[in-house]
Amino acid sequence: MPKFDTRVQELRYKVLKEIIRHIDKGDLAEALYDIPKDVMPGPKPTMRCCIYKERAIIQERIKIATTHTSQMDENIIKVIPIACDECPLGGYTVSDACRGCIAHRCSEACPKHCISFDSSLRAHIDKSQCVNCGMCAKACPYSAIENRIRPCERACKQKAISPNPETNAAQINDEKCIHCGACVYTCPFGAIVDVSFIKEIIELLKGSKNNTKYKVFAVVAPSIGGNFIEYKNGQIIAALKKLGFYDVAEAALGADMVAISESKELVERGKLTSSCCPAFALYIRKFFPELAQYISSSPSPMHAIAKYIKEKFPGSKVVFIGPCTAKKSEIKHPNVRPYVDSAMTFEELQAFIDAREIKVTELEEDTYGEFGGSFFGRGFAKCGGLSSAVNEAIAEQGIDFKVNGQAVDGMENVKKALMLFKNPTSNINFLEGMACEGGCIGGPCNLQHQIRNKLTLDKYSAGAEKNITENVEKSTK
């Protein structure tokens with residue numbers, strides 16, 4: 001069974017795997033020009049027009065993966081311009097379905113009068129005059145006019161991506177970007193990438209002197225239950241310890257903590273939106289600033305469990321591992337920075353494991369020990385899981401409060417829900433928002449995005465403690 005959905009994911013994995021191998025060997029600087037040849041041996045190209053362009057793109061990937069984060073700007077989503085030259089410009093285009101009718105409704109509907117007709121009466125659009133209003137497409141009785149949008153632009157519901165007017169390569173408007181990573185997964189050429197902190201994570205592990213100088217904890221997202229499905233979860237825990245982590249904690253335990261605090265806050269304030277998805281919270285602040293006052297003050301599960309770990313083990317370090325690109329931005333937030341030292345994705349973890357040649361299936365299973373989450377905490381990986389946990393926490397505390405909640409996923413649905421949430425006549429008092437479709441299980445850096453992953457997650461969640469309060473008390477006593 002393939003490790004990833006797409007060849008783009010596989011390419012990112014191969015590059016990172018080679019980078020890690022050379023970091024371990026201590027010859028990364030000397031190998032920077034050899035890695036592209038190892039990844040793309042040639043002589044024939046497999047993805048681009050020539051082997052030299054393929055290797056040049058790999059070189060750019062290496063730069064982004066090895067540049068120190070202190071030298072990066074705030075946005076962890078980057079465009080590789082040299083890789084972004086294959087997609088045609090988007091916009092409305094006349095297809096072969098045009099019948100050359102004599103009604104010419106498309107032309108009549110065009111406010112810029114940029115549609116002309118050839119000798120066969122087929123319509124043509126003057127792209128220099130077209131403003132992409134779409135009126136012609138609506139008017140055409142044959143639906144012969146199509147809006148061809150670049151995949152990255154279609155994926156970005158905030159319209160943060162547009163063609164560079166000089167190069168036509170994609171460019172990201174940082175003022176609109178919420179770091180959700182939808183474009184990273186969607187781009188068919190892998191021209192948009194998330195910054196990797198893997199080099200710093202390896203340095204962090206080495207600097208611990210086998211966890212004697214300080215302890216390094218791995219915090220894994222609840223959606224791990226839907227990933228690495230060829231391994232047992234206990235084997236992944238064992239693999240993380242072989243990589244050098246002192247111990248492994250579930251962010252699901254942090255989710256339990258958040259469910260308790262957020263339920264109390266909802267009862268106290270009366271109206272609330274969730275704060276667990278950093279892309280959702282950032283979207284509110286950028287596009288619905290009038291609703292920012294309703295964002296829960298509770299930390300994210302990652303933040304909550306990392307804070308608990310650092311308070312219990314002073315001087316320790318924490319690395320978050322999950323399917324989310326936005327988490328790499330969240331760790332830069334002043335409130336989070338003291339508790340989470342770095343973050344990597346499931347894709348990067350797979351590369352890390354394979355670069356170290358760890359035979360996961362041969363490892364004896366380990367456990368989360370005192371850092372395990374409940375059934376409801378693990379449910380945070382799917383849309384609606386947080387709402388279920390808040391309702392459960394309210395019930396466990398015996399609080400008389402009716403939750404009129406709504407759980408939405410995907411940015412188009414999020415926008416609609418926020419419009420309703422701000423309507424004074426709406427009775428919704430709790431809004432759970434997840435930027436990715438399906439929730440975290442649909443995040444851009446999951447290894448695969450298939451229905452069986454969700455079924456595997458359900459099975460993973462079913463084996464956990466069913467009481468949130470009891471699980472937190474047991475884990476933190």
Side-chain angles (χ1 to χ4, degrees), residues 2-4 7-41 55 57-72 76 78 80 184 190 193-211 216-220 224 227-228 230-231 235-246 248 317-323 325 327-328 331 341-363 444-447:
K3 284 183 168 68
F4 308 105
R7 292 185 69 192
V8 171
Q9 289 177 288
E10 186 178 356
L11 178 62
R12 290 199 295 259
Y13 157 81
K14 287 180 177 178
V15 174
L16 281 168
K17 183 179 172 182
E18 289 302 311
I19 289 172
I20 295 166
R21 284 182 59 248
H22 287 288
I23 291 174
D24 286 346
K25 290 170 65 176
D27 65 350
L28 180 62
E30 295 84 355
L32 288 179
Y33 295 100
D34 293 326
I35 293 176
K37 296 178 183 178
D38 293 334
V39 176
M40 294 292 179
R55 290 172 179 170
I57 293 171
I58 297 297
Q59 198 72 56
E60 293 300 311
R61 291 182 179 280
I62 295 170
K63 287 180 184 178
I64 293 175
T66 57
T67 301
H68 197 279
T69 51
S70 62
Q71 298 174 286
M72 291 285 187
I76 49 84
K78 303 293 180 187
I80 303 175
V184 174
V193 298
D194 55 304
V195 173
S196 177
F197 303 150
I198 194 68
K199 186 170 182 284
E200 294 168 42
I201 291 171
I202 294 173
E203 292 170 352
L204 195 68
L205 289 165
K206 286 183 177 180
S208 74
K209 306 294 183 184
N210 292 322
N211 292 294
V216 185
F217 287 80
V219 170
V220 296
I224 195 169
N227 284 268
F228 305 100
E230 69 270 34
Y231 310 136
Q235 291 175 322
I236 292 294
I237 298 171
L240 284 164
K241 291 183 178 180
K242 280 190 74 70
L243 288 173
F245 290 97
Y246 173 77
V248 184
K317 308 294 182 181
V318 174
V319 176
F320 176 78
I321 305 170
T325 54
K327 287 294 183 185
K328 292 183 176 181
I331 67 171
D341 297 275
S342 198
M344 66 173 160
T345 64
F346 289 143
E347 287 181 1
E348 292 168 320
L349 176 57
Q350 184 70 71
F352 201 178
I353 289 171
D354 292 347
R356 294 277 176 90
E357 298 182 351
I358 296 173
K359 306 296 183 184
V360 181
T361 55
E362 298 176 6
L363 296 178
C445 297
N446 283 293
L447 302 186

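- For the pair Leu204/Phe197, no side-chain contact is recorded, criterion being any heavy-atom separation below 4.5 Å from C-beta on.
- Leu205 CG to Asn210 CG: the interatomic distance, rounded to the nearest 0.5 Å, is 10.0 Å.
- Between the side chain of Lys328 and the backbone N or O of Val195, at least one donor-acceptor pair lies under 3.5 Å.
- Tested against Ile198 for a side chain to side chain contact (heavy atoms under 4.5 Å, CB included), the candidates Thr345, Ile20, Thr66 yield a single pass: Ile20.
- Shown here for Leu447 and Asn227, the closest heavy-atom pair between the two residues is N-OD1, 2.8 Å.
- Between Ile237 and Leu363 the shortest side-chain heavy-atom distance does not fall below 4.5 Å.
- Closest non-hydrogen pair, Ile353 versus Ala239, comes out as CD1-CB, 4.2 Å.
- Residues Ile64 and Val193 approach most closely at CD1-CG2, 3.6 Å, considering heavy atoms.
- Note that the NZ atom of Lys359 and the OH atom of Tyr231 stand 9.0 Å from one another [nearest 0.5 Å].
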Would Phe352 and Ile321 count as a side chain to side chain contact (heavy atoms under 4.5 Å, CB included) here? Give the steps. CA-CA 12 Å; Phe352 201 178; Ile321 305 170; over 6 Å; no
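- Legend: residues meeting ring pair (Phe, Tyr, Trp, His ring centres under 6.0 Å) with Phe346, ordered by chain and number and at least two apart, are Phe228.
- Rounding to the nearest 0.5 Å gives a distance of 9.5 Å between CD1 of Ile62 and CD of Glu60.
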Step by step, would you call Ser196 with Glu348 a side chain to side chain contact (heavy atoms under 4.5 Å, CB included)?
-> CA-CA 8 Å; Ser196 177; Glu348 292 168 320; 2.7 Å; yes
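- Heavy-atom minimum distance, Leu16 versus Ala65: CD2-CB, 4.2 Å.
- Checking side-chain atoms of Asp341 against main-chain N and O of Val319 turns up no donor-acceptor pair under 3.5 Å.
- When side chains are defined from C-beta on, Val220 does not count as touching Leu349, because their heavy atoms never get closer than 4.5 Å.
- The backbone N or O of Gly190 lies less than 3.5 Å from a partner atom in the side chain of Arg61, making a donor-acceptor pair.
- In the displayed structure, Lys206 atom NZ is contacted under 6.0 Å by more than 12 heavy atoms of other residues, nucleotides or ligands.
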Point to revise | Residue pair Glu18, Lys14: steps toward the salt bridge (Lys or Arg N to Asp or Glu O under 4.0 Å) verdict | key: CA-CA 6 Å; Glu18 289 302 311; Lys14 287 180 177 178; over 6 Å; no
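- Rounded to the nearest 0.5 angstrom, Asn211 CG and Lys317 NZ are separated by 12.0 Å.
- Counting only heavy atoms from C-beta outward, the side chains of Arg12 and Phe4 never approach each other to under 4.5 Å.
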- Query: Yes or no on side chain to side chain contact (heavy atoms under 4.5 Å, CB included) for Lys37 and Arg55, after CA distance, side-chain angles and deciding distance?
  - Reply: CA-CA 7 Å; Lys37 296 178 183 178; Arg55 290 172 179 170; 4.0 Å; yes
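- Counting heavy-atom neighbours within 6.0 Å of Glu30 CD, excluding the residue itself, gives a total above 12.
- Between atom CD1 of residue Ile76 and atom CD1 of residue Ile331 there is a gap of 9.5 Å, rounded to the nearest 0.5 Å.
- Here the closest non-hydrogen pair linking Ile358 and Lys242 is CD1-CB, 4.0 Å.
- Taking 4.0 Å as the cut-off between side-chain N and carboxylate O, Arg7 and Glu10 do not count as a salt-bridged pair.
- Separating the CG atom in Asp354 from the NZ atom in Lys3 is a distance of 4.5 Å, to the nearest 0.5 Å.
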field: Worked verdict on Gln350 versus Glu347 for side chain to side chain contact (heavy atoms under 4.5 Å, CB included)
entry: CA-CA 5 Å; Gln350 184 70 71; Glu347 287 181 1; 5.9 Å; no
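- Counting heavy atoms from C-beta outward, Leu28 and Ile35 have side chains that approach closer than 4.5 Å.
- In this structure the side chain of Ile19 never reaches within 4.5 angstrom of the side chain of Lys199, judged on heavy atoms.
- Without hydrogens or angle criteria, Gln9 side chain to Asn446 main chain gives a donor-acceptor distance under 3.5 Å.
- Summarising the geometry of Pro36 relative to Gln59, their closest heavy-atom pair is CG-OE1, 3.4 Å, with the distance given to 0.1 Å.
- In this structure, the side chain of Arg356 does not engage the main chain of Arg21 through any donor-acceptor pair within 3.5 Å.
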